[in-house]
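Just follow the structure's listing: the first ligand is 1, and inside any ligand the first atom is 1. Quick caveat: nothing in here was measured; it's all calculated off a predicted structure.
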Amino acid sequence: MSKTFTIKNPLDMHLHLRDNDMLNLVAPLTSKTFSGAIIMPNLVPPVTTKEAVVAYKQRILQACKGDSFEPYMTLFFQNYTKEFLTDVKEDILAIKLYPAGITTNSETGVSSMDVETLRPTLEAMSELGIPLCIHGETNGFVMDREAEFMPIYASIASAFPNLKIIMEHITTKAAVDMLDIYPNLYATITLHHLLITLDDVAGGMLKPHLFCKPIAKRDEDRAALLNVALGAHPKVCFGSDSAPHPKHKKESCGCAAGVFTAPIALQVLTELFEKHNCLDNLQKFISDNAVRIYGINPPQKTITLEKVDFKVPQNYQNETEIVVPMYADEVIKWSLVN
Ligand code: DOR
Ligand code: ZN
């Protein structure tokens with residue numbers, strides 16, 4: 001009999017589901033196996049009102065076709081009043097801040113990261129207990145953008161000690177080191193940043209399906225991420241940043257940023273943690289830490305995997321959309337048991 005492994009209530013704390021036909025294509029690929037996910041608000045236009053949050057959540061639940069799955073909704077950061085935030089608090093789990101223009105659909109993000117400019121909204125969030133998720137990159141040289149953002153994390157974390165701040169999709173040792181300095185800083189880590197470096201993206205033939213923001217960094221950075229993920233550091237949790245783009249927008253000059261990992265995440269994480277003899281820590285990395293950090297109570301779901309080869313499909317498609325997953329057409333050593 002093949003070896004099996006069981007995960008309870010897997011959570012993806014950073015997920016892009018998009019809208020319309022793409023939403024209908026990708027949502028079930030997460031809702032089938034995950035208990036819940038934090039849903040990113042970078043639609044066009046971005047999600048900035050209570051009505052938009054509620055309506056988007058309904059569309060997501062409809063796309064999940066009855067799966068027991070909780071979409072944890074977010075607002076796109078802008079200056080919000082305390083009154084508005086009080087009213088919307090029950091409908092969201094966090095607010096996501098994008099520096100303006102830093103990545104896909106972030107043009108209307110924040111143009112100044114100055115603490116005083118952000119203070120009224122952050123103060124209200126802190127008082128109401130709404131966590132702040134940040135895409136932490138400057139617009140400097142692409143390999144240095146995340147490291148250059150560390151002083152900004154430091155200034156916000158010390159100005160608002162009661163505000164939970166999640167450094168999203170960290171890619172550097174510099175960000176890992178911040179976790180032990182500021183008690184209110186946490187992090188999500190993607191699957192792809194545990195597996196690849198810039199060499200995999202651009203060291204040989206260019207791999208558009210591995211191009212994302214933040215760009216994958218150096219091997220020492222990946223090693224630092226692996227160290228805290230495999231060790232299930234209590235301040236990190238899994239957030240795939242699975243970011244589907246239509247195939248023609250990836251395989252094009254002017255390639256959109258984003259790696260689509262939703263349908264392979266559980267299988268590849270199991271393979272990775274097993275390879276490093278850390279399978280015992282995967283439950284914490286993929287669920288327990290997030291439950292504690294966010295204080296949530298996700299739907300109960302038990303997922304079993306078996307050590308049987310899984311050939312990743314070349315693509316996933318419906319009538320109008322086609323999207324290529326990471327490791328398309330390659331073989332993973334673990335499969336989901338249906
Ligand atoms: O690679 C990325 N894709 N990084 C992001 O921050 C956004 C995402 C997207 O929405 O496509
Ligand atoms: Zn993202």
Between the side chains of [X] and [Y], does any donor sit under 3.5 Å from an acceptor?
| X | Y | result |
| --- | --- | --- |
| Asp219 | Thr197 | no |
| Glu306 | Ser335 | no |
| Asp200 | His192 | no |
| Thr172 | Lys217 | no |

Next item on the list: Take Lys173 and Glu146 through the test salt bridge (Lys or Arg N to Asp or Glu O under 4.0 Å) and record every step on the way to the result.
Entry: CA-CA 10 Å; Lys173 181 174 183 306; Glu146 184 173 291; over 6 Å; no
Check: With a 4.0 Å cut-off, would you call Glu274 and Lys3 a salt bridge?
Finding: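 Looking at Glu274 and Lys3, the cut-off is met.
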Item checked: Salt bridge present between Lys311 and Asp329 (N-O < 4.0 angstrom) ->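 Here Lys311 pairs with Asp329 in a salt bridge, since their nearest N and O are under 4.0 Å apart.
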Notebook entry, point to check: Would you say Tyr98 and ligand 1 have an N/O pair spaced under 3.5 Å apart?
Noted result: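 So ligand 1 has no N or O lying under 3.5 Å from an N or O of Tyr98.
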Next item on the list: Could you tell me whether some N/O pair between Pro214 and ligand 1 is separated by less than 3.5 angstrom?
Entry: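 N/O-N/O distance under 3.5 Å: no.
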Notebook entry, point to check: Which of these passes side-chain contact (heavy atoms from CB on, under 4.5 Å) with Lys235: Asn289, Val228, Leu179?
Noted result: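 Of the listed residues Asn289, Val228, Leu179, the side-chain contact (heavy atoms from CB on, under 4.5 Å) partner of Lys235 is Leu179.
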Next item on the list: May I ask you to check whether over 12 heavy atoms, not counting those of Lys50, lie within 6.0 Å of atom NZ?
Entry: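 Counting neighbours around NZ of Lys50, more than 12 heavy atoms of other residues, nucleotides or ligands fall under 6.0 Å, so yes.
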Check: Heavy-atom count around Asp280 CG within 6.0 Å, excluding the residue itself: above 12?
Finding: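 Atom CG in Asp280 is not crowded, with 12 or fewer foreign heavy atoms closer than 6.0 Å.
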What protein heavy atom sits nearest [atom], and how far away is it?
| atom | result |
| --- | --- |
| atom 1 (O) of ligand 1 | Lys213 N, 2.9 Å |
| atom 5 (C) of ligand 1 | Thr103 OG1, 3.0 Å |
| atom 3 (N) of ligand 1 | Ala257 O, 3.0 Å |

Using a strict 4.0 Å cut-off to heavy atoms of [X], name the atoms of ligand 1 that fall inside it.
| X | value |
| --- | --- |
| Ala243 | 3 (N), 8 (C), 9 (C), 11 (O) |
| Asp241 | 4 (N) |
| Cys212 | 1 (O) |
| His135 | 6 (O) |

Note to self: Counting only heavy atoms, tell me which of Met40, Glu168, Lys249, Arg18 gets closest to atom 11 (O) of ligand 1.
What the structure shows: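 Nearest heavy atom to atom 11 (O) of ligand 1 lies in Arg18.
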Next item on the list: Given side chain to side chain contact (heavy atoms under 4.5 Å, CB included), test Gln78 with Thr108 step by step and report yes or no.
Entry: CA-CA 8 Å; Gln78 55 186 36; Thr108 58; 6.0 Å; no
Item checked: Closer than 2.8 Å to the Zn ion (ligand 2) - protein N, O or S atoms, ordered by chain and residue number ->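 Atoms qualifying: His14 NE2, His16 NE2, Asp241 OD1.
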